[in-house]
Amino acid sequence: MPELPEVETTLRGITPHISGKQITDIVVRQQKLRWPVPRNLRQLLKNQIIHSIKRRGKYLLFETPAGHVIIHLGMSGSLRIVASHLDPQKHDHVDFVFNKKILRFHDPRRFGSVLWTRKDPLQHKLLQKLGPEPLSKTFHGEYLHTLATAKKVNIKNFIMNSHVVVGVGNIYASESLFLSGIHPQRAAGRVSLSRYEVLANNIQKVLSAAIELGGTSLRDFVKEDGKPGYFANRLNVYNKKGEPCPICKTPIQVRVLGQRSSFFCSHCQH
DNA sequence: ACAGTAACCTGTTTGC
DNA sequence: TGCAAACAGGTTACTG
């Protein structure tokens with residue numbers, strides 16, 4: 001998906017277009033996403049004003065006086081701001097219609113979701129157990145080291161677990177482990193505190209740099225204006241099987257961990 | 001509680 | 001060229 005930098009890029013892109021604006025209509029063309037779109041979404045949201053847009057992990061939260069919309073982009077989702085007259089294309093599942101523009105949810109694989117809650121969205125079942133934001137002060141090496149105690153799970157899947165830390169998906173997990181010199185298959189409980197400090201720092205650096213460049217576009221992701229992000233140019237190992245390691249020139253290897261391809265340098269990472 | 005696996009979908013790429 | 005299998009940036013639910 002859209003990992004944290006792509007969701008943050010989307011948030012920054014759509015906010016000026018929809019913050020403080022009134023929703024004049026909702027169009028749901030496909031209700032079957034990862035979870036069903038609420039049947040009464042149109043009734044719930046029509047004429048509501050979006051007071052704020054926030055991000056928690058990879059979830060986007062639209063605050064209205066009546067409640068919150070919770071959006072997740074899944075693997076292939078995107079949100080675009082389009083002109084009112086633009087006809088919907090295939091996989092354009094939900095429109096948030098405003099006076100002059102439409103916010104359009106597009107998701108070929110339909111792993112994304114559009115949900116609704118009247119309560120505090122942070123207490124929603126899908127959000128309440130999320131780990132810390134990686135770019136906040138509560139996320140640091142000591143936190144990871146303590147949580148990893150005695151854990152046998154490999155460190156890559158450990159840092160991709162949203163209950164450990166939010167926002168780190170398959171691309172940025174591989175990239176931050178490479179920068180930290182840590183082998184992705186190493187048991188999480190067998191990484192020293194000092195190495196976790198390096199890793200936490202590198203996760204923050206990679207995510208921040210990716211946000212600066214508008215995220216990584218490999219296939220599906222586009223920004224709110226339909227244009228790609230440019231962090232793909234900065235990747236060291238992700239999607240680079242067989243290419244020379246930028247540090248030592250050893251060919252980059254790929255191995256499937258927890259059903260996800262993991263890219264690493266067997267010489268630089270231990 | 002934990003680890004490992006299957007599942008939700010469609011589109012594109014890879015391999016025979 | 002054609003067809004089937006493998007694979008794709010996420011996450012939950014289920015199994016043992």
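Here is the naming used below: chain letters follow the sequence lines, and residue numbers restart at 1 for every chain. Quick caveat: nothing in here was measured; it's all calculated off a predicted structure.
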| task | Give the nucleotide from the list B:dA3, B:dC9, C:dG10 with an atom nearest to the side chain of A:Asn170. | result | C:dG10
| Stacking here means centres under 5.5 Å and planes under 30°; does A:Phe111 stack on B:dC8? | yes
| remark: Here the distance between atom P of B:dT12 and atom CZ of A:Phe221, to the nearest Å, is 19 Å
| said: Would you say A:Asp107 and A:His93 are linked by a side-chain donor-acceptor pair, where the criterion is simply a distance under 3.5 Å? | reply: no
| Starting at the 5' end of DNA chain B and moving along, which residue's nearest nucleotide shows up first, A:Gln259 or A:Val153? | A:Val153
| Is a side-chain donor-acceptor pair under 3.5 Å present for A:Lys223 with A:Thr9? | no
| query | Under the 3.5 angstrom rule, does the side chain of A:Gln185 hit a backbone N or O of A:His183 as a donor-acceptor pair? | reply | no
| d(CG, A:Leu130; C1', C:dG10) in whole Å | 13 Å
| Quick one: salt bridge (Lys or Arg N to Asp or Glu O under 4.0 Å) pairs with a partner in residues 120-141 of chain A, sequence neighbours left out? | A:Arg55-A:Glu133, A:Arg56-A:Glu133
| A:His91 has an atom NE2; how far is it from atom P of B:dC8, in whole Å? | 18 Å
| Can you check the A:Arg34 CZ to B:dA7 P distance for me, whole Å? | 13 Å
| task | Using a 4.0 Å heavy-atom cut-off across all strands, classify A:Ser261 as base, sugar-phosphate, or nothing. | result | sugar-phosphate
| message | Here's a test of your reading of the structure: between A:Leu218 and A:His163, which maps to the more 5' nucleotide of DNA chain C? | response | A:Leu218
| task | Determine yes or no for a side-chain-to-main-chain donor-acceptor pair under 3.5 angstrom, with A:Glu63 supplying the side chain and A:Ile50 the backbone. | result | no
| said: Just to be sure I understand the rule, does A:Asp220 reach a base, reach only the sugar-phosphate, or reach nothing, if contact means heavy atoms closer than 4.0 Å? | reply: base
| If we take the P atom in both C:dC14 and B:dC9, what is their distance in whole Å? | 15 Å
| said: Please confirm whether the shortest side-chain N or O distance from A:Lys151 to OP1 or OP2 of B:dA1 is below 4.0 Å. | reply: no
| Atom-to-atom span, CZ of A:Arg109 to P of C:dC7 - whole angstrom | 13 Å
| C:dG10 P sits how many Å from A:Leu126 CG, rounded? | 16 Å
| message | Whether the side chain of A:Glu175 engages the backbone of A:Asn236 through a donor-acceptor N/O pair (distance < 3.5 Å, no angle test) should be reported. | response | yes
| message | Does A:Lys129 reach a base, just sugar-phosphate, or nothing at all? Heavy atoms under 4.0 Å. | response | nothing
| message | For the P atoms, the ones on C:dT11 and on B:dA1, what distance do you get once it is rounded to whole angstrom? | response | 22 Å
| Donor on one side chain, acceptor on other, A:Tyr172 and A:Thr216, under 3.5 Å | yes
| request: Please determine, for the side chain of A:Met75, which listed nucleotide (B:dT10, C:dT12, C:dG10) has the closest atom? | output: C:dG10
| field | Integer angstrom distance from the P of B:dA6 to that of C:dA6 | value | 13 Å
| request: Check every strand shown and say whether A:Lys32 touches a base, only sugar-phosphate, or nothing at a heavy-atom separation below 4.0 Å. | output: nothing
| Between A:Asn202 and A:Ser176: side-chain donor-acceptor atoms closer than 3.5 Å | no
| query | B:dC9, B:dA7, B:dA3: which one has an atom nearest the side-chain heavy atoms of A:Arg110? | reply | B:dC9
| Between C:dC7 (P) and A:Asn239 (CG): distance, integer Å | 13 Å
| message | Nearest to the A:Arg260 side chain among B:dC9, C:dG10, C:dT12, which nucleotide is it? | response | C:dG10
| field | Bracket notation of DNA chain B in which parentheses pair within the strand, [ ] cross earlier pairs, and | pairs with another strand (Watson-Crick or G-U, under 3.5 Å) | value | .|||||||.|||||||
